[in-house]
Protein chains: 2
Amino acid sequence: MKKEGKTSRMRAGRAIVKSQVSDAALVTKRREQIVTAAIELFAGQGYERTTMLDIARKAGVSVGLIYQYAQTKEDVLFLSLISVLESYKQEIPRRVESADPVESLWSAIDAYVRIIDRRRSAALLSYRSTKSLPRPQRRIVMQLEVDTNDLIAARVRDCVAAGLFRDIDVELAVYQIVLHAHGWALKHWRLAQVTTIEKYIANGFDLLTRGAATPAGLLAYQRFLAERRAIPASTTLVGGRKRGARKIRK
Amino acid sequence: MKKEGKTSRMRAGRAIVKSQVSDAALVTKRREQIVTAAIELFAGQGYERTTMLDIARKAGVSVGLIYQYAQTKEDVLFLSLISVLESYKQEIPRRVESADPVESLWSAIDAYVRIIDRRRSAALLSYRSTKSLPRPQRRIVMQLEVDTNDLIAARVRDCVAAGLFRDIDVELAVYQIVLHAHGWALKHWRLAQVTTIEKYIANGFDLLTRGAATPAGLLAYQRFLAERRAIPASTTLVGGRKRGARKIRK
DNA sequence: TTGACGAATGAACACTCATTCAGTTTGGGC
DNA sequence: GCCCAAACTGAATGAGTGTTCATTCGTCAA
């Protein structure tokens, strides 16, 4: 009963990878197990240098078992990338809940950069390895990224609609933001020597906001800054407390 | 046998890759030949999927010969990455010559994005493959990137010194710019559907400048914009007209 | 207890590819 | 013309890998 039509509720992406095992719950569980191991290994040593045996060992299963839940090594990569990208889609909107468009945008950006920070090497994975996928699967991965961008785009559009931002090109602004977020992973080797994640987020947001704001927006932004300064560790400025420990100054 | 002082004139990077051939000019020529082929292949199909035989064939030499000019496949990758990164260092400053700091900054950014555009897949190479290098060589590649950043940093500092930019964090602004430039390659699959390189450059510059400018800077920027509009295809706004007519000098 | 069947195993297979090296070609000094 | 060292070649080597599949395991209904 349970394993009947419910499969169709699965993400289209995962569904295209076939499994020899019919029990849907088991498939989910095993794939999670495999993908968790795979992401760690792919991220650490790269897709090509990672052996199926490596993955099997780390997942605590046999090589043969992996081939019951995915048909090729590429499938494993595909499932891994999907898993990473979907975690973005999951986590970003969870924190957008303010009435103030500027604050909402901040929350979205702040969340994005922090998710990436939490799984930095996983974030690099898609840059490094998407090319190793066959075209149709690559398509899906890209689409997933576009979906994520839409979450940000909505927040930017709110700012424009509220008259706080000029009539900027939203799509391009979004890419500015996305690159800022991904940049934290891409250039972490250098950025970590030079700044903290809090400053990095604040700085990027500052440049963007001042660059895009109308006079009214600038006022709103300054109000936002003042508030934030008044409540330095408010609930919206989530986590990241200990993170600040590093303080190499320019 | 006769390792002369000539070798020491070579870039520190290249020098650490040993060659069995002593004739320095020949080494340069052959390596160029090999690296040209390698870059194309690495960029197109990835480092791991490219075989030494592929490289040899494309370069028009034998496999064995490659091993006389590099000791391992990793060496070939290293030489390739160096060659790409050094071309940035070469080309960026070539166009910085204006008295107006804003215009100089524009030229630098414009040049950077266009170099990357010209060799897009090569630009991706370093993101995808740096991880495949042994640590000491990776160091050198990273240092090369930092060097390039300094060229941009100098231009930003000029703007600050001239009172056109606020007292922003230069290092972070530079990374904003670098990500903007690299972003053109990283996200080209999407950006190309949505905009042109001219708009992309202008948009990024606009956001950055408005975000960083002092009131005086804003005026200077607007003056700059007006000038640019008056002379739509001036000498400083290089190329960008006919894409087909490329004349890469190397 | 038995039979049946899906799940799990891992040794074996077929193949790929970086690297080596025994041999051939080239060029220039006598 | 002869010689020799440097430059170059490419077949051979062997370590390593994705994938398969004959076999074993675990569970549960009869």
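Protein chains get the first letters and strands the later ones, always in sequence-line order, with residue 1 at the start of each. Bear in mind that the values here come from a model prediction, so they are computed numbers and not experimental data.
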Trainee: Should Arg114(A) and Asp110(A) count as an ion pair when the cut-off is N to O under 4.0 Å?
Mentor: yes

Trainee: Nearest 0.5 Å, what's the OG1-CD1 distance between Thr195(B) and Ile201(B)?
Mentor: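 Interatomic distance, Thr195(B) OG1 to Ile201(B) CD1, rounded to 0.5 Å: 10.0 Å.
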
Trainee: Test of understanding: with side chain to side chain donor-acceptor pair (under 3.5 Å), list the residues that count as partners of Asp150(A), not counting sequence neighbours.
Mentor: none

Trainee: Ion pair present between Glu74(B) and Arg138(B), side-chain N to carboxylate O less than 4.0 angstrom?
Mentor: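 Salt bridge between Glu74(B) and Arg138(B), a charged N being under 4.0 Å from a carboxylate O: no.
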
Trainee: Go along nucleotides 13-23 of chain C 5' to 3' and tag each nucleotide: B for a protein heavy atom under 4.0 Å from its base, S when only backbone or sugar atoms are that close, - otherwise.
Mentor: ----SSBB---

Trainee: With sequence neighbours left out, what residues match Tyr175(B) under side chain to side chain donor-acceptor pair (under 3.5 Å)?
Mentor: Asn149(B)

Trainee: Please encode protein proximity along nucleotides 24-30 of chain C as a string of B, S and -, counting only heavy-atom distances under 4.0 Å.
Mentor: -------

Trainee: Applying ring pair (Phe, Tyr, Trp, His ring centres under 6.0 Å) as the test, list every pair that has at least one member in residues 41-68 of chain A; sequence neighbours left out.
Mentor: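 Residue pairs with at least one partner in residues 41-68 of chain A: Phe42(A)-Tyr47(A).
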
Trainee: Check nucleotides 4-8 of chain C for protein N or O atoms closer than 3.5 Å to its own N or O atoms and list the pairs.
Mentor:
residue	atom	partner	partner atom	Å
dA8(C)	OP1	Arg30(A)	NE	2.9
dA8(C)	OP1	Arg30(A)	NH2	2.2
dA8(C)	OP2	Tyr69(A)	OH	2.5
dA8(C)	N7	Gln68(A)	OE1	3.4

Trainee: How would you list, by chain and number, every residue that makes a salt bridge (Lys or Arg N to Asp or Glu O under 4.0 Å) with Lys29(B), sequence neighbours excluded?
Mentor: none

Trainee: When rounded to the nearest 0.5 angstrom, what is the spacing between CD in Glu40(B) and OG in Ser80(B)?
Mentor: 11.5 Å

Trainee: Going by the rule salt bridge (Lys or Arg N to Asp or Glu O under 4.0 Å), which residues pair with Arg190(B) if we only count those two or more places apart in sequence or in a different chain?
Mentor: Glu171(A)

Trainee: Tell me every residue that passes side chain to side chain donor-acceptor pair (under 3.5 Å) with Glu48(A), counting only those two or more places apart in sequence or in another chain.
Mentor: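 Listed in chain order: Arg49(B).
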
Trainee: With sequence neighbours left out, what residues match Gln45(B) under side chain to side chain donor-acceptor pair (under 3.5 Å)?
Mentor: Thr50(B)

Trainee: Only pairs at least two apart or in different chains count here, so list each ring pair (Phe, Tyr, Trp, His ring centres under 6.0 Å) that has a residue in residues 119-144 of chain B.
Mentor: Tyr127(B)-His182(B)

Trainee: Take atom CZ of Arg57(A) and atom P of dT17(D), then tell me their distance rounded to the nearest Å.
Mentor: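 Whole-Å distance recorded here is 11 Å.
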
Trainee: Enumerate all atom pairs, one protein N or O and one N or O from nucleotides 23-29 of chain D, separated by less than 3.5 Å.
Mentor:
none

